[in-house]
Amino acid sequence: MSDNGGTFDLLILGAGSGGYAAAIRASELGMKVGLIEKDKLGGTCLHVGCIPTKALLHSAEVADAARDSETFGVKAGFEGIDMAGVNAYKDKVVSRMFRGLTGLIKAHGITVIEGEGKLTGPDEVTVDGTAYKGTNILLATGSKPKTLGLDIDGEKIITSEHALKLDRVPKSVVVLGGGVIGVEFASVWRSYGAEVTIVEALPHLVPVEEESSSKLLERAFRKRGIKYELGTPFESVKTTDSGVSVTLQGGKSLEAEMMLVAIGRAPVSEGLGYEEQGIQLERGFVKVDENLHTGVGNIYAVGDLIPTLQLAHVGFAEGIYVAEQLAGLNPPAIDYAGVPRITYSEPEVASVGLTSKAAKERGYEIVEQDYNLGGNGKSQILQTQGSVKVIAQKDGPVLGVHMVGSRVGELTAEAQLIYNWEALPSEVAQLIHPHPTQSEALGEAHLALAGKPLHVHE
Amino acid sequence: MSDNGGTFDLLILGAGSGGYAAAIRASELGMKVGLIEKDKLGGTCLHVGCIPTKALLHSAEVADAARDSETFGVKAGFEGIDMAGVNAYKDKVVSRMFRGLTGLIKAHGITVIEGEGKLTGPDEVTVDGTAYKGTNILLATGSKPKTLGLDIDGEKIITSEHALKLDRVPKSVVVLGGGVIGVEFASVWRSYGAEVTIVEALPHLVPVEEESSSKLLERAFRKRGIKYELGTPFESVKTTDSGVSVTLQGGKSLEAEMMLVAIGRAPVSEGLGYEEQGIQLERGFVKVDENLHTGVGNIYAVGDLIPTLQLAHVGFAEGIYVAEQLAGLNPPAIDYAGVPRITYSEPEVASVGLTSKAAKERGYEIVEQDYNLGGNGKSQILQTQGSVKVIAQKDGPVLGVHMVGSRVGELTAEAQLIYNWEALPSEVAQLIHPHPTQSEALGEAHLALAGKPLHVHE
Amino acid sequence: APAPSPRPSREDITPPVDVETLSGTGRASGTDAVTEAYVTPLVRKLAAQEGVDLSQVQGTGVGGRIRKQDVQEAARRRREAPAAPA
Ligand SMILES: Cc1cc2nc3c(=O)[nH]c(=O)nc-3n(C[C@H](O)[C@H](O)[C@H](O)COP(=O)(O)OP(=O)(O)OC[C@H]3O[C@@H](n4cnc5c(N)ncnc54)[C@H](O)[C@@H]3O)c2cc1C
Ligand SMILES: Cc1cc2nc3c(=O)[nH]c(=O)nc-3n(C[C@H](O)[C@H](O)[C@H](O)COP(=O)(O)OP(=O)(O)OC[C@H]3O[C@@H](n4cnc5c(N)ncnc54)[C@H](O)[C@@H]3O)c2cc1C
């Protein structure tokens with residue numbers, strides 16, 4: 001018999017973005033919350049995801065600024081990267097955020113249960129022999145890198161987790177996968193001085209984005225000297241004395257010091273008792289209904305574990321949704337198309353809403369305005385290229401916003417309101433954006449769609 | 001008798017932000033437009049205002065990045081500023097934007113009349129002896145630096161126009177005036193390595209901003225080694241062999257290589273025939289009614305010439321308003337409180353809507369949430385400090401947003417929608433912001449105001 | 001678990017005031033009548049939900065702008081108005 005760990009209103013397995021957001025919101029709503037975590041509060045995003053990668057990307061931005069300083073009249077020689085310094089900076093940011101989160105969880109009176117949990121009943125999770133009961137249970141065990149059965153040695157063939165701990169800048173890297181994670185690391189390493197080749201089986205980098213965005217990113221990467229092999233699937237890799245030799249379908253081979261495997265992330269759902277309790281999995285993902293309910297007892301699931309967008313803020317939103325749902329607040333369903341997506345490479349790629357392809361598939365008659373950042377003063381000052389494309393329903397609201405350029409990620413905040421509040425181009429056009437900002441490009445696109453272009457070249 | 005230059009539906013005097021925006025919109029609406037300019041299309045903002053100053057500020061950002069590169073693990077020595085390089089970069093950006101604007105004006109079929117114009121009748125402007133008739137006339141002659149009768153020699157006692165043309169970084173500068181322009185130049189010069197002291201008669205820097213924003217800027221400037229004398233009016237300045245000696249009321253004196261006079265901008269309304277045609281001036285500003293009509297004939301006025309916010313995007317909005325008004329479109333009045341204001345110093349100060357003081361004066365019962373950027377991951381990555389303060393009516397919409405921190409200016413785009421669309425905190429809180437971005441700080445403040453804080457430390 | 005209230009879909013919302021013509025070319029074609037009364041998307045949605053005809057609402061915001069309160073007030077008055085005689 002296992003020990004009795006007590007009963008919680010909400011018992012959460014996994015303290016990543018999804019799990020801890022649910023814990024915080026549930027505790028605010030008066031629930032007694034147990035939060036089980038085998039590693040560190042904060043999960044992937046805080047420790048080996050969003051935060052450390054964005055720290056590397058900022059170091060990369062600083063390196064680029066130093067390298068290009070002459071363009072701006074600044075005398076500063078770029079002399080190289082000090083990986084120990086980069087890692088110290090990155091770790092400092094992570095531990096600061098980690099301390100903050102730990103304090104927050106404590107301040108909310110959430111019971112943190114350390115250890116590896118397993119679902120042992122429809123209302124029970126067992127951790128190290130102690131059984132905890134939950135009136136409601138939330139599964140939030142997240143995801144881990146997919147490896148395609150490759151022999152990840154952590155030295156020459158690595159995943160993002162190893163990439164975040166490198167003590168040197170590789171001379172050359174093959175990045176397997178042209179999605180968000182692959183593209184971000186390619187961007188970092190290139191700024192650090194490495195030779196980088198991305199291998200992507202689909203015909204474009206960041207293939208889920210608007211095609212014009214992918215093309216703009218490809219053009220920018222080409223200028224930066226980042227190579228890519230598109231539409232050519234990977235076949236095999238073998239380690240050599242000096243690194244790796246990668247073979248693509250068709251026979252082409254690439255040599256490099258290491259290969260990063262960034263072909264997606266798989267849910268962590270095996271061996272945790274999920275299926276034993278009757279929970280259905282699909283390709284490893286926990287299946288849920290629109291209320292994020294698994295169909296078993298009072299068991300819910302959120303985050304990377306379920307087949308929705310694998311983003312930290314989706315985890316937050318889903319965690320909050322479940323907590324509010326349990327409290328009877330009847331929260332509105334999450335509109336996943338309205339979630340902002342950002343690839344933090346140089347240049348950034350960002351979007352909200354539908355691509356033109358998806359909009360057409362849904363039967364909309366659409367109008368588009370693609371505003372080139374060449375006409376945007378602030379973007380010229382930053383010397384960045386790209387565009388802001390706005391897609392609207394003919395005589396109707398904005399359906400999608402797609403952007404490429406340095407720092408455009410922050411512009412998704414406005415785009416998120418426009419899309420989710422179903423604004424008409426004319427309603428946005430009425431508000432003249434502050435000058436000179438990059439947000440003006442968004443303003444100009446809406447002005448043009450509203451039939452009153454200001455700084456728009458035909 | 002003067003020559004006859006023809007008749008226009010709309011004849012515009014001055015081709016700055018206000019004038020050229022009106023010209024573009026009016027031509028779109030089918031009017032025949034004449035645009036009179038004695039200098040260059042684009043006016044103050046493009047040639048000696050917004051654009052060149054923001055180029056300097058970006059050079060300054062690059063210099064700071066190089067100087068602090070070690071913090072981020074980047075080896076790059078900062079060796080100084082090459083003012084010739086800075087100016088080449090700045091001029092390149094300006095001339096690119098200028099070419100673009102010139103092309104735009106041409107593409108719209110607007111007649112550009114080069115020369116100095118004078119209002120010679122209620123429907124007439126004379127330029128170099130040629131009289132042009134306008135069914136409607138728009139005055140948009142803008143503004144120039146106020147000098148308090150000081151002897152501006154362009155060497156030791158200078159205005160922003162001279163500051164933009166310096167061929168060297170001064171060793172030390174006294175900046176007279178702690179408003180937007182003074183603070184921006186102080187920030188640039190400090191980044192370039194100068195000793196800077198700001199003299200401001202009011203008790204705070206950027207005194208029209210929320211007091212907490214002023215205080216955060218002051219703290220940041222103190223850390224950066226920018227000195228300031230607040231609440232101490234300037235008394236006199238005399239030039240010395242080595243520069244200037246500035247005396248403050250109370251007797252304190254400051255020595256520096258030069259003094260920048262940045263105490264505000266006065267309208268350009270003298271000697272242009274305005275008063276002769278019956279147009280009323282007040283402290284030099286052209287008085288207009290809520291339709292921006294001067295009360296004389298069909299004469300309107302926009303931009304820095306009238307006593308509204310002296311901002312380029314206000315000029316754009318007013319120019320568009322007049323054009324639409326003339327076309328009978330009955331455009332909605334401009335809500336000036338809803339215009340974004342950005343000071344592009346390091347750190348930036350940005351706001352939209354009412355200050356807490358103004359909100360209380362208007363009789364609102366308010367609630368506030370001040371979100372410290374210490375809790376914001378992306379701001380930690382940028383290593384910037386500051387906050388995002390949101391003010392809402394109790395149980396009502398957001399009334400004001402006030403921000404301090406690197407790069408927060410771009411966040412006003414979202415804040416502008418929130419304020420102008422009278423969103424409730426709960427309506428914003430429903431949309432989880434992308435992670436990790438600075439916009440999350442805005443999201444967190446709204447979550448907290450909506451009673452559902454996520455990453456908020458009490 | 002209680003079923004969440006359905007989120008109104010885009011299809012459910014027919015913009016009641018926007019008769020603007022989008023050309024997609026960046027050029028105005030026809031009247032930009034939306035400028036007759038600036039309505040924010042949040043007000044427009046509320047009016048659609050409450051079944052309020054915005055052309056009948058007197059705005060109290062800046063420049064006569066229609067605010068949420070005005071729509072709520074119009075909805076309240078409509079509810080309280082005596083039923084029209086049959
Ligand atoms: C390199 C990289 C960069 C990324 N960048 C971004 C970005 O910039 N923006 C963004 O939005 N998203 C980003 N993501 C995605 C983001 O990290 C995830 O979407 C997010 O972390 C998912 O949260 P989660 O709570 O579902 O899972 P996780 O964060 O993976 O958390 C799951 C937690 O459960 C714990 N756990 C698992 N099994 C057990 C068990 N049996 N017992 C106890 N505890 C257990 C784990 O230790 C972990 O802490 C990135 C991901 C990666 C890998
Ligand atoms: C240093 C500085 C930085 C600034 N930064 C910003 C910023 O970042 N963001 C922002 O929004 N605003 C900024 N501003 C303010 C902005 O530049 C002004 O608000 C804007 O230029 C006003 O536009 P305007 O059309 O009213 O006047 P102006 O731009 O001044 O244009 C007036 C035009 O009229 C012409 N003119 C005058 N008299 C005659 C005549 N008799 N005949 C023919 N032509 C004539 C002038 O040559 C000029 O081209 C800044 C200003 C300065 C000085």
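Reminder, nothing fancy here: chain letters follow the sequence lines and each chain counts from 1.
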Visitor: Nearest heavy-atom pair of A:Pro332 and B:Gln430: which atoms, and what distance?
Guide: CG-NE2, 3.4 Å

Visitor: Where does B:Asn376 contact chain A at under 4.5 Å (heavy atoms): side chain, backbone, both or neither?
Guide: backbone

Visitor: To the closest 0.5 Å, what do you measure between CD (B:Glu79) and OG (A:Ser69)?
Guide: 8.0 Å

Visitor: With a 4.5 angstrom heavy-atom cut-off, could you sort out which part of A:Ala21 is near chain B: side chain, backbone, both or neither?
Guide: both

Visitor: Who among A:Pro434, A:Gly409, A:Ala76 has the most heavy-atom pairs with chain B under 4.5 Å?
Guide: A:Pro434

Visitor: In terms of heavy-atom proximity below 4.5 Å to chain B, should A:Asn87 be classed as side chain, backbone, both, or neither?
Guide: neither

Visitor: Taking all non-hydrogen atoms of both residues into account, name the closest pair between A:Gly451 and B:Glu28 and its distance.
Guide: O-OE1, 4.2 Å

Visitor: If I measure from the heavy atoms of chain B, does A:Leu431 come under 4.5 Å with its side chain, its backbone, both, or neither?
Guide: both

Visitor: Heavy-atom pairs under 4.5 Å with chain B are the metric here; pick the option from A:Gly100, A:Gly80, A:Ala350, A:Ala88 that has the most.
Guide: A:Gly80

Visitor: Apply side chain to side chain contact (heavy atoms under 4.5 Å, CB included) to B:Phe78 and A:Val74, showing your working.
Guide: CA-CA 8 Å; B:Phe78 172 71; A:Val74 176; 3.7 Å; yes

Visitor: Does a side-chain N-to-carboxylate-O contact under 4.0 Å join A:Glu324 and B:Lys452?
Guide: yes

Visitor: Side chain, backbone, both or neither: which part of A:Val352 has a non-hydrogen atom closer than 4.5 Å to chain B?
Guide: neither

Visitor: So for A:Thr437, is it side chain, backbone, both, or neither that comes closer than 4.5 Å to the heavy atoms of chain B?
Guide: both

Visitor: How long is the gap from NE2 on A:His313 to NE2 on B:His433, to the nearest 0.5 Å?
Guide: 10.5 Å

Visitor: If you count heavy-atom pairs within less than 4.5 Å of chain A, which of B:Gly377, B:Gly77, B:Ala317, B:Ala312 leads?
Guide: B:Gly77

Visitor: Quick check on B:Leu411 against chain A: is it the side chain, the backbone, both or neither that has a heavy atom closer than 4.5 Å?
Guide: side chain

Visitor: Is chain A contacted by the side chain of B:Lys90, its backbone, both, or neither, given a heavy-atom distance below 4.5 Å?
Guide: neither

Visitor: How long is the straight-line distance from CG of A:Leu382 back to NZ of B:Lys54, given to the nearest 0.5 Å?
Guide: 13.0 Å

Visitor: Only pairs of heavy atoms separated by less than 4.5 Å count here; which of B:Pro340, B:Pro436, B:Ser439, B:Gly85 has the most with chain A?
Guide: B:Pro436

Visitor: Side chain, backbone, both or neither: which part of B:Tyr344 has a non-hydrogen atom closer than 4.5 Å to chain A?
Guide: side chain

Visitor: Are A:Gln383 and B:Tyr89 close enough, and set up right, to give a side chain to side chain contact (heavy atoms under 4.5 Å, CB included), and what steps lead you there?
Guide: CA-CA 10 Å; A:Gln383 300 270 294; B:Tyr89 151 64; 4.3 Å; yes

Visitor: Calculate, to the nearest 0.5 Å, the distance between atoms CD1 and CD1 belonging to B:Ile51 and A:Ile381 respectively.
Guide: 4.5 Å

Visitor: Aromatic contact between B:Tyr20 and A:His455, with the criterion being ring centroids under 6.0 Å apart: yes or no?
Guide: yes

Visitor: Please determine whether side chain to side chain contact (heavy atoms under 4.5 Å, CB included) holds for the pair B:Arg407 and A:Glu410, giving the CA-CA distance in whole Å, both sets of side-chain angles, and the decisive distance to 0.1 Å.
Guide: CA-CA 10 Å; B:Arg407 307 188 188 183; A:Glu410 293 286 350; over 6 Å; no

Visitor: When rounded to the nearest 0.5 angstrom, what is the spacing between CG in A:Leu454 and CG in B:Leu104?
Guide: 7.5 Å

Visitor: Sort by residue number and list every residue of residues 56-66 of chain A having at least one heavy atom under 4.5 Å from chain B.
Guide: A:His58, A:Ser59, A:Glu61, A:Val62, A:Ala63, A:Ala65, A:Ala66

Visitor: In this structure, are over 12 heavy atoms from other groups packed under 6.0 Å from B:Glu70 atom CD?
Guide: no

Visitor: Once the angle between the rings of B:Trp421 and A:Trp421 is folded into 0 to 90°, is it parallel (under 30°), tilted (30 to 60°) or perpendicular (over 60°)?
Guide: tilted

Visitor: Please classify the contact of B:Ile81 with chain A as side chain, backbone, both or neither, using a heavy-atom distance under 4.5 Å.
Guide: both

Visitor: Rounded to the nearest 0.5 Å, what's the gap from CD1 on B:Ile418 to CD on A:Glu414? Could you check?
Guide: 10.0 Å

Visitor: At a heavy-atom separation under 4.5 Å, does B:Ile320 approach chain A through its side chain, its backbone, both, or neither?
Guide: side chain

Visitor: Chain B heavy atoms under 4.5 Å from A:Gln416: which part of the residue, side chain, backbone, both or neither?
Guide: both

Visitor: So for B:Val428, is it side chain, backbone, both, or neither that comes closer than 4.5 Å to the heavy atoms of chain A?
Guide: both

Visitor: Which answer fits B:Arg341, side chain, backbone, both or neither, if we ask what part of it has an atom under 4.5 Å from a heavy atom of chain A?
Guide: neither

